[in-house]
Amino acid sequence: QILLVYALARQRGLLLHAAGAIVEGLALVFPGRSGAGKTTISRIIGQAGGMRLLSDDRVVVRWLGEEFRAFGTPWPGEAGVALNDGAPLAGLLFLAHSRENRLERLSCAEALKRLIPVASIPWYNASLLDPLLALCEDLVAAVPSYELQFSLGKAPAELLREFAQHHRKP
């Protein structure tokens, strides 16, 4: 993973502690620390059908051409999901357990505050620090960020489908 972090840093990419899925042809990334609900949301998505999980623990995000794209990695988490696939990134959805299912838009500043702790940044390497922090800023400026408040069950899956359909480019 350390080698990947260095390789990605030189190619406008990040390794995130996150789950990820392809919904309606678009990638949704669920960044979070341990215990945030990445495995739970992965299981909900996996049971919903019609969606493909990229990973339940580590996701690569890269700037390619004119867009950010998200990719699975070979390192599965508790749910054992590691898909070699990717798609254009439509949203960063930070997880919060709740009694209801809803999305709350985050400001760029709030999204950046939540993203930095889950981005694999080699803080000890001064030559990579500025480019990777700038990439994090570019990411939250280019990709809509939300807090996904979710409860257990299938309802969050429908909310994710609606989100992806709404963010599909014509």
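Because only heavy atoms are used, hydrogens play no part in the values below, and waters and symmetry mates are left out as well, while side chains stay in.
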State, to 0.1 Å, how close Pro144 and Ala90 come at their nearest heavy-atom pair, and which atoms those are. CD-O, 3.5 Å
Pick from Leu159, Leu103, Ile41: which one makes a side chain to side chain contact (heavy atoms under 4.5 Å, CB included) with Leu93? Leu103
Applying side-chain contact (heavy atoms from CB on, under 4.5 Å), run through Arg69 and Val61 and close with a yes or a no. CA-CA 6 Å; Arg69 294 180 65 88; Val61 172; over 6 Å; no
Just to verify, what does Glu66 make a side-chain hydrogen bond (donor to acceptor under 3.5 Å, both in side chains) with, not counting sequence neighbours? none
When you group the ILVMFWY residues by side-chain heavy-atom contacts below 4.5 Å and let the links chain together, are Leu135 and Leu133 in the same group? yes
Are Leu3 and Leu129 joined in one hydrophobic group, where the rule is that I, L, V, M, F, W and Y side chains link up if heavy atoms are under 4.5 Å apart? no
Do you know the tightest heavy-atom contact between Leu53 and Ser42? CD1-O, 3.2 Å
Value rounded to 0.5 Å, distance of CG in Leu92 from CG in Leu106: 9.5 Å
Enclosure of Arg99 CZ (heavy-atom neighbours >12, cutoff 6.0 Å): no
When hydrophobic residues are tied together by side-chain contacts of less than 4.5 Å, even through go-betweens, does Leu112 share a cluster with Leu89? yes
Sorted by chain and number, sequence neighbours left out, salt bridge (charged side-chain N to carboxylate O under 4.0 Å, His left out) with Arg62 holds for none
All pairs passing side-chain hydrogen bond (donor to acceptor under 3.5 Å, both in side chains) where residues 130-143 contributes a residue, at least two apart: Arg12-Asp138
Pair Ser120, Leu16 - check side-chain contact (heavy atoms from CB on, under 4.5 Å), show working. CA-CA 6 Å; Ser120 295; Leu16 299 177; over 6 Å; no
Does anything in residues 42-76 pair up under ring-ring contact (aromatic ring centres under 6.0 Å, His included), and if so which pairs, sequence neighbours excluded? Trp63-Phe68
Salt bridge (Lys or Arg N to Asp or Glu O under 4.0 Å) contacts in which one or both residues fall within residues 20-49, not counting sequence neighbours: Glu24-Arg168
Closer than 3.5 angstrom, by distance alone: can the side chain of Asn101 be matched with the main-chain N or O of Ser151 as a donor-acceptor pair? yes
Indicate the atoms forming the closest heavy-atom contact of Ala18 with Pro31, along with that distance. CB-CA, 3.5 Å
If hydrophobic clusters are built from ILVMFWY residues whose side chains come within less than 4.5 Å, do Leu139 and Leu64 share one? no
What ring-ring contact (aromatic ring centres under 6.0 Å, His included) pairs are there with at least one residue in residues 80-115, not counting sequence neighbours? His97-Phe150
Tell me which pairs pass salt bridge (Lys or Arg N to Asp or Glu O under 4.0 Å) where either residue lies in residues 139-150, with sequence neighbours left out. Arg114-Glu147
In short, salt bridge (Lys or Arg N to Asp or Glu O under 4.0 Å) pairs touching residues 86-98 with sequence neighbours left out are none
Just do the side-chain contact (heavy atoms from CB on, under 4.5 Å) check on Gln149 and Leu95 with the steps written out, would you? CA-CA 6 Å; Gln149 299 173 10; Leu95 301 171; over 6 Å; no
Using the ring-ring contact (aromatic ring centres under 6.0 Å, His included) rule, collect all pairs that involve residues 9-61, keeping only residues at least two apart or in two chains. none
Using side chain to side chain contact (heavy atoms under 4.5 Å, CB included) as the criterion, point out the one residue from Val143, Val118, Val60, Val59 that pairs with Val29. Val59
Can you tell me which residue pairs pass the salt bridge (Lys or Arg N to Asp or Glu O under 4.0 Å) test with a partner in residues 115-127, sequence neighbours excluded? none
Short question: side chain of Thr73, backbone of Arg58 - any donor-acceptor pair under 3.5 Å? yes
Nearest 0.5 Å please: distance from the CD atom of Glu67 over to the CG atom of Leu26. 9.0 Å
Path from Ile44 to Leu160 over hydrophobic side-chain contacts below 4.5 Å: yes
Residue pair Asp57, Ser55: steps toward the side chain to side chain donor-acceptor pair (under 3.5 Å) verdict: CA-CA 6 Å; Asp57 196 55; Ser55 175; over 6 Å; no
Partners meeting salt bridge (charged side-chain N to carboxylate O under 4.0 Å, His left out) with Glu162 (sequence neighbours left out): none
Any ring-ring contact (aromatic ring centres under 6.0 Å, His included) involving residues 109-148? Give me the pairs, sequence neighbours left out, ordered by first then second residue. Tyr146-Phe163
So, for Leu128 and Pro122, which heavy atoms are closest and what is the spacing to 0.1 Å? CD1-CG, 3.9 Å
Run the side-chain contact (heavy atoms from CB on, under 4.5 Å) check on Cys136 and Ile121 step by step: do they pass? CA-CA 10 Å; Cys136 288; Ile121 297 174; 4.2 Å; yes
Say you draw a straight line from CD1 of Ile45 to CD1 of Ile22; how long is it, rounded to the nearest 0.5 Å? 11.5 Å
